[in-house]
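Just so you know, these numbers come straight off a predicted model, no measurement behind them. In each ligand, atom 1 is the first atom listed, and ligand 1 is the first ligand listed.
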Amino acid sequence: MINICDDIYHLTDGRISYAFFVKDGKLVHSYFGKALYVDPSRMNASVLSALKKHSFGFDWLPFEIGETGRGDFRIPSVAVTGEGFASTDFRFVSAEVLDDKPKLNMPSLRGKAETLAVTLKDEVACLELKLYYTLYDGALARHTEIINKADKSVTLSVLDSACTELDIGNYDYISLDGRWGAECGVNRQSVPYGIVTLSSMRGVTSHQHNPFVAVVDKNATEESGEVYGFNLIYSGNFAVNLERDEKSRVRVNIGMKLNGGGISLEPGETLISPELVCVYTDEGVGGMSRIFHKLYRARLIDPRFADLPRPVVVNSWESVYFDFDEAKLKRFISGAKGLGIDTVVLDDGWFGKRDADNCSLGDWVIDRRKLPNGLTAVIDCCKQNGMKFGIWFEPEAVSPDSDLYRAHPDWAIGTAGRKGIEMRNQYVLDFSKPVVVDYIFESMSKILSEHDISYVKWDMNRGISDVTDNKLYVGYVRGVYELYERLSKAFPHVLIEGCSSGGGRFDPAILYYSPMIWSSDDTDAHERTKIQYGLSLCYPLQTLSNHVSVCPNHQTGRTVPLETRGAVASLGSLGYELNVAELSEKDRAIIKKQVAAYKSDRSVILTGDLYRLVSPFETDMFCEEIVSADKKKAYVVAVNTLNKVNLPIGRIKLKGLIEDALYLVEESGEVMSGAELMHFGLQPEFGCDFAANVWHIKKCSKK
Ligand code: GLA
């Protein structure tokens with residue numbers, strides 16, 4: 001509900017409230033937190049005056065936008081450069097409540113929702129700014145639009161999706177940082193005085209920082225305390241800026257990053273920012289995650305796939321890499337038969353003459369040397385063995401050694417006069433050019449329409465270099481979304497798994513199209529506990545694509561029991577990535593059991609509430625619990641690291657159950673009340689290094 005009263009704008013859905021007011025044409029922020037009114041119509045004069053308590057001062061007032069050159073010396077959320085004015089002065093013109101959020105030209109939360117649109121104008125610069133506020137299920141979505149109303153171009157150096165001012169407090173921030181093979185490490189530190197920036201200038205989201213931050217009260221824990229979470233729905237350059245001012249208020253500015261010289265806006269041109277999702281809870285970091293998870297399942301993930309069983313796949317990459325032919329693939333497929341696998345995914349190496357990663361990207365034509373009977377023979381073999389077929393593409397890439405590059409060298413992004421930088425022996429195609437997107441759509445469509453393919457793994461294996469104009473970065477990301485849109489419309493039955501050298505583009509915009517994303521190229525189950533734990537801070541478990549791979553692990557050389565590998569991978573969308581044609585009978589039996597158990601628990605895992613019970617970042621253990629929405633079932637996985645003698649491990653106290661209901665712990669046959677499970681807990685026992693305990697809990701009482 002959006003209330004406008006005496007120049008105060010108050011948005012509430014009964015769970016959160018967000019308020020600001022207009023003073024001398026400026027938008028002054030008042031409040032973001034727990035709902036102020038259960039019944040929003042109860043807003044009264046005394047509360048209104050409290051919300052307007054600030055006296056005026058550009059230097060320290062909390063604003064809805066941060067500007068430059070006019071006395072607000074903090075980080076701006078909108079800024080122009082050059083042309084004789086380096087300042088802006090946007091003043092309120094009007095506000096209206098729209099029945100629905102206007103369409104963004106990129107992914108955003110789905111579904112009709114009342115939206116507050118505020119228009120401001122800078123009369124001197126002739127720029128119009130629109131701020132949009134939409135409440136969805138306990139979260140606030142915000143985006144910004146700027147229109148050049150002047151008769152000359154203007155250069156924008158900043159256009160953030162939102163400026164959020166957090167009241168005086170003692171805050172930590174939590175960021176998800178990492179590197180290739182170790183994405184989304186959870187880092188919690190004090191918000192220091194000054195400015196903290198987390199950003200990507202790689203043209204893609206990056207392994208280094210996720211477009212997420214949580215600003216949390218110093219005393220907030222996993223399950224209690226005030227937490228503000230922010231996640232940007234965007235897949236290109238971004239910046240998260242936090243500024244703690246002299247009064248220990250924190251300004252949070254998040255948006256796409258316009259590198260270097262900014263971006264020019266021609267007369268009449270509009271630039272729309274990506275959407276920022278802002279979450280508030282007083283139920284700790286776990287409470288924040290559950291809000292993000294529910295919201296993304298209901299309003300971000302493609303409804304064709306959200307909450308539906310994901311196929312259990314076996315992927316060829318770590319099984320055979322580039323080294324396969326039809327006979328080998330057929331053995332692989334036969335090996336998968338009987339394990340419960342739904343889909344066989346043929347990874348890199350099926351096209352051009354790609355025997356290594358040094359050629360053929362862009363040539364999406366079947367390699368007849370390896371597959372003389374084409375993909376059809378392989379797909380038929382899958383069908384005969386009761387499975388479906390999926391295939392890998394890297395649509396945005398081109399190898400210098402490819403027919404595509406030889407025919408269209410100008411389609412690769414490159415600085416005029418300089419040889420482009422090669423990374424992983426490849427260039428990036430200029431997806432800001434419609435002709436390039438058209439060509440790739442046609443070549444992918446040919447493969448997809450001529451074959452029975454139900455699954456695509458869309459990879460992207462390098463950052464974007466050699467760009468001199470931010471318009472290319474912005475246009476590039478739009479081109480990626482355009483291709484996703486077109487493929488999703490043309491092949492609605494195809495599930496597209498996202499991937500970028502693992503989790504390098506694990507962001508909400510990719511999730512809008514890809515209901516699951518390959519979490520990391522590191523498939524070691526011990527390493528994965530951390531990666532998956534970090535990703536779960538804002539992304540639902542159903543979006544994490546997790547595979548069981550062979551041991552010793554190809555990335556770390558570590559050996560982890562197959563049961564543990566299965567248990568860790570089961571906390572998401574389960575798959576396998578080992579040579580199923582070479583499994584021992586013992587391992588086949590274990591995998592068969594794992595897949596069957598996963599399938600029976602799948603709906604709880606994909607749609608339940610997540611409780612992170614033990615953090616692998618703070619202890620030598622990992623434990624996650626998922627509770628079904630009706631609280632009738634819980635699934636718990638606990639994993640240790642190096643085993644020790646006489647280890648003092650305490651019981652694990654579950655969460656989210658019904659206190660006075662009785663539950664059966666299937667593994668031990670014990671019947672315990674919800675209260676006993678939550679307050680007394682379950683005792684884990686680890687008999688070896690990297691061992692797992694898995695508990696299936698089922699309500700057995702009527703009440
Ligand atoms: C990337 C992906 C892997 C695999 C390879 C193929 O590294 O993350 O899963 O698909 O590319 O080249």
Among all residues two or more places apart in sequence or in another chain, which pass the ring pair (Phe, Tyr, Trp, His ring centres under 6.0 Å) test with [X]?
{"X": "F322", "result": "W317"}
{"X": "F393", "result": "W350, W364"}
{"X": "Y427", "result": "Y405"}

Could you go through ligand 1 and list every pair where one of its N or O atoms sits under 3.5 Å from a protein N or O, giving the atom names and the distance to one decimal?
unit_1: ligand 1; atom_1: 7 (O); unit_2: D521; atom_2: OD2; d: 2.9
unit_1: ligand 1; atom_1: 8 (O); unit_2: G502; atom_2: N; d: 3.0
unit_1: ligand 1; atom_1: 8 (O); unit_2: D521; atom_2: OD1; d: 2.5
unit_1: ligand 1; atom_1: 8 (O); unit_2: D521; atom_2: OD2; d: 3.1
unit_1: ligand 1; atom_1: 9 (O); unit_2: K457; atom_2: NZ; d: 2.7
unit_1: ligand 1; atom_1: 9 (O); unit_2: W518; atom_2: NE1; d: 3.3
unit_1: ligand 1; atom_1: 9 (O); unit_2: D521; atom_2: OD1; d: 3.4
unit_1: ligand 1; atom_1: 10 (O); unit_2: D347; atom_2: OD1; d: 2.6
unit_1: ligand 1; atom_1: 10 (O); unit_2: D347; atom_2: OD2; d: 3.3
unit_1: ligand 1; atom_1: 10 (O); unit_2: W392; atom_2: NE1; d: 3.0
unit_1: ligand 1; atom_1: 10 (O); unit_2: K457; atom_2: NZ; d: 3.0
unit_1: ligand 1; atom_1: 10 (O); unit_2: D459; atom_2: OD2; d: 3.3
unit_1: ligand 1; atom_1: 11 (O); unit_2: D459; atom_2: OD2; d: 2.9
unit_1: ligand 1; atom_1: 11 (O); unit_2: N461; atom_2: ND2; d: 3.4
unit_1: ligand 1; atom_1: 12 (O); unit_2: D348; atom_2: OD2; d: 2.6
unit_1: ligand 1; atom_1: 12 (O); unit_2: R424; atom_2: NH1; d: 3.1
unit_1: ligand 1; atom_1: 12 (O); unit_2: R424; atom_2: NH2; d: 2.9

Query raised in the report: Hey, what's the ring geometry for Y484 with W458, parallel, tilted or perpendicular (30° and 60° as the breaks)?
Result: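 Aromatic pair Y484/W458 classed parallel.
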
Aromatic rings F292 and F212: how do their planes relate, parallel, tilted or perpendicular, breaks at 30° and 60°?
->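 Ring orientation of F292 relative to F212: perpendicular.
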
| Which atom of Y234 lies closest to which atom of P211, heavy atoms considered |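 Distance-wise, the nearest heavy atoms are O-CG, 4.4 Å.
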
